[in-house]
Each structure stands twice: as structure tokens, then as C-alpha cells.
Amino acid sequence: MPDNFPQSLEPLANELRKASRVLCLTGAGVSAESGVPTFRDSGGLWEGSRPEDVATPEAFERDPDLVWRFYLARRRNLSSVRPNPAHEVIARFETLFPEFNVVTQNVDGLHQQAGNSRILCLHGDIWIDRCTVCTFERRVEASDGPVPRCDQCGALARPGVVWFGEMLPEGVFEQAVQLAADAQVVLVVGTSSQVYPAASLANVAQQSSAFVAEINPNATPFSDSADLVIPLNAGMVFPELERMLAESGRI
Ligand code: NAD
Ligand code: ZN
């Protein structure tokens with residue numbers, strides 16, 4: 001742990017004390033301490049598979065069974081996973097600030113489980129089955145068995161996530177840009193800042209003069225532009241930030 005922790009958080013705590021509109025941008029790293037593997041930290045393999053073999057429209061067209069086996073296994077792994085202290089503080093922050101929003105690249109549902117309701121999921125939600133033909137979709141629990149089919153038209157269903165090479169859900173990115181442009185403080189947490197267009201949101205915030213802090217134990221392409229880099233795990237930083245705000249009467 002760096003010697004100057006938690007004093008190194010003070011510039012961020014100060015900005016948060018003054019802020020009424022705060023945005024938290026999260027990536028896979030915020031769930032790492034819950035035991036969910038991140039994508040880039042695993043040496044190019046994602047839960048044992050190459051992403052291009054399982055997380056692209058071409059892969060699904062080629063072999064829907066293989067793709068579904070991967071997603072059913074991910075759901076099984078996620079079903080026993082719980083929010084960690086970072087998710088929990090991020091959920092409490094929603095009631096602390098007049099406007100606190102989360103924009104996440106995660107599909108694991110852990111922010112929702114922790115209690116956030118003002119949340120945009122840029123890359124969809126792994127707990128949704130979506131028809132490949134009609135507009136039908138349904139929310140599911142950990143599931144097993146054969147490849148799911150649509151309840152309405154019987155066509156093949158697919159996981160409700162955004163695959164590599166696909167567009168984001170309509171309108172969601174535009175809303176995220178608006179939140180980034182309006183925020184006074186932006187927390188960029190646990191993302192390698194390499195997946196676009198999600199990675200551009202931090203730049204949008206900076207161009208609108210927000211204070212942007214990066215919370216990530218590893219440097220990213222965004223680190224040099226951040227107003228403050230906190231090179232630590234989110235599960236350590238958030239409880240401390242909450243304590244600092246409570247001490248100064250913000251909570
Ligand atoms: P990424 O895997 O590319 O990067 C994870 C980042 O988190 C890294 O920079 C790493 O240094 C950092 N990190 C690791 N542990 C951390 C901790 N305890 N606290 C703070 N930071 C930590 O993740 P990404 O940028 O979100 O991009 C991956 C893509 O894959 C996304 O599109 C996402 O949808 C998908 N994905 C989602 C999940 C999930 O839903 N939990 C998991 C893996 C991948
Ligand atoms: Zn259908």
C-alpha cells in the first residue's frame with residue numbers, strides 16, 4: 001500500500017464535497033474483487049476462451065451451441081458472486097449526491113444487486129435472453145440446458161450483451177455522453193480504457209471541465225490525461241472515500 005494512502009485521496013474527496021452531479025464509469029475491474037475475472041488481465045483468454053471465438057456475431061452464426069455453452073457457464077459462475085465493498089459504496093453514493101449516475105461496461109448485474117438504480121449498461125446485461133428475430137426478450141436466472149429459444153416466435157435466442165463489432169443499444173451511448181458532459185466529478189473505475197466508444201466518455205467529461213479521477217491499480221491509456229490517478233484497488237478506495245466524506249459532514 002502506498003505510504004500516502006489515504007491522504008492521496010484528499011484532492012478527490014475535496015472535489016466530491018463540492019459536487020452535486022457525479023458520474024461513475026465502471027469496467028470489469030470493479031467486479032474483480034468479487035471474483036469475476038476481468039478480460040484484459042487474463043492474458044487474452046476470457047474464462048478459458050478467446051473472445052473472438054465466443055463474443056462476436058460471427059461466432060454465434062457459426063456455432064450458437066458453443067457460444068451458449070460459454071454464456072451459460074458465465075451465468076453459472078456469476079450466480080454465486082456477490083457485490084464487493086466498492087459496489088456497496090457506489091450504491092450508497094446514489095443517495096448521497098443530488099445526482100449520482102453509473103455508466104458501466106459490465107454485464108454482470110452486480111451494481112444493480114448492490115442497489116444502484118440510476119445505471120446505464122453500455123454493453124447490455126448477461127441475465128437477458130433476446131430473440132434473434134423478433135423483439136422478444138426475457139430476464140433469466142442462472143440457466144442450464146439446451147440453447148434457449150424465443151417464447152414468442154420460436155427462433156434462436158441470444159444473450160442480451162453487446163458483442164465485439166456490434167453497435168451499442170440504441171440511445172444508451174447518447175445518454176451516457178450527456179451524463180459525462182454534465183458531471184462535475186467523474187470516477188473512472190476498473191476499466192482498461194481500451195474499448196470504444198466507452199473509453200471516450202472520460203474525454204467528453206474532461207472537455208466539459210469535470211474533475212476526472214482514475215481508480216485502477218494499473219496504468220491505462222487514459223492515465224496521463226486524468227486529473228488524479230489513484231493506483232489502488234477499488235475495494236480499498238471506495239470505503240475510505242466514504243469515510244472521508246462522512247468525517248467532513250458530507251454524509
Ligand atoms: P478490462 O478487463 O479490459 O480491464 C479491467 C481493468 O480493471 C484493468 O485496467 C485492471 O487494471 C483494472 N482492475 C483490476 N482489478 C481492479 C480493482 N480491484 N480495482 C480497480 N481496477 C481494477 O475491462 P473493461 O475495460 O471493462 O473492458 C472489457 C470488456 O469486456 C468490456 O466491454 C466488458 O463489457 C467486458 N467484460 C465484462 C465483465 C463483467 O461484466 N464483470 C468481465 C469481463 C469483461
Ligand atoms: Zn422471437
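Just follow the structure's listing: the first ligand is 1, and inside any ligand the first atom is 1. Here the structure is a predicted model, which means the values were calculated and not measured. Keep in mind that the numbers below use all heavy atoms, side chains included, and drop hydrogens, waters and symmetry copies.
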*Strictly by modelled atom types, are Thr132 and Arg158 linked by a side-chain donor-acceptor pair under 3.5 Å?*
no

*So is Pro217 in contact with ligand 1, going by heavy-atom distances below 4.0 Å?*
yes

*By number and element, which atoms of ligand 1 are closer than 4.0 Å to a non-hydrogen atom of Glu33?*
17 (C), 18 (N), 19 (N)

*asked:* Can you tell me how the ring of His87 sits relative to the ring of His111, calling it parallel under 30°, perpendicular over 60° and tilted otherwise?
replied: perpendicular

*Which one of Gly124, Ser223, Gly29 has a non-hydrogen atom at the shortest distance from atom 17 (C) of ligand 1?*
Gly29

_Counting only heavy atoms, tell me which of Ser31, Ala219, Ala28 gets closest to atom 23 (O) of ligand 1._
Ala28

*Can Glu58 and Arg62 be counted as an ion pair, charged N to O under 4.0 angstrom?*
no

_Part of Ala86 with heavy atoms under 4.0 Å of ligand 1, whether side chain, backbone, both or neither_ = neither

*Considering only heavy atoms from C-beta outward, does the side chain of Glu240 approach that of Met244 to under 4.5 Å?*
yes

*Is the side chain of Asn106 donor-acceptor paired with the backbone N or O of Ala28 at a distance under 3.5 Å, no angle test?*
yes

_Once you restrict to heavy atoms under 4.0 Å, what part of Val195 touches ligand 1? Side chain, backbone, both or neither._
side chain

*When you look for heavy atoms under 4.0 Å from ligand 1, do you find them on the side chain of Ala32, its backbone, both, or neither?*
side chain

*What part of Val107, side chain from CB on, backbone N/CA/C/O, both or neither, has a heavy atom under 4.0 Å from ligand 1?*
both

*asked:* Counting C-beta onward and ignoring hydrogens, is there a side-chain heavy-atom pair between Val67 and Asp65 closer than 4.5 Å?
replied: no

*For ligand 1, which atoms sit closer than 4.0 Å to a heavy atom of Pro37?*
42 (C), 43 (C)

*asked:* Considering Asn216, Val188, Ile230 one by one, which has a heavy atom nearer to atom 10 (C) of ligand 1 than any of the others?
replied: Asn216

*Where does His111 meet ligand 1, judged by heavy-atom distances below 4.0 Å: at the side chain, the backbone, both, or neither?*
neither

*Run the numbers for me: atoms of ligand 1, each under 4.0 Å from some heavy atom of Arg74, listed by number.*
38 (C), 42 (C)

*Please work out which of the three classes, parallel, tilted or perpendicular, describes the rings of Phe93 and Phe97, given edges at 30° and 60°.*
perpendicular

*How far apart are the C-alpha atoms of Phe70 and Phe60, what are their side-chain angles, what is the distance that settles it, and do they pass the ring pair (Phe, Tyr, Trp, His ring centres under 6.0 Å) test?*
CA-CA 11 Å; Phe70 171 77; Phe60 189 70; over 10 Å; no

_Test of geometry: compute the angle SG(Cys153)-the Zn ion (ligand 2)-SG(Cys150) and round it to 10°._
110°

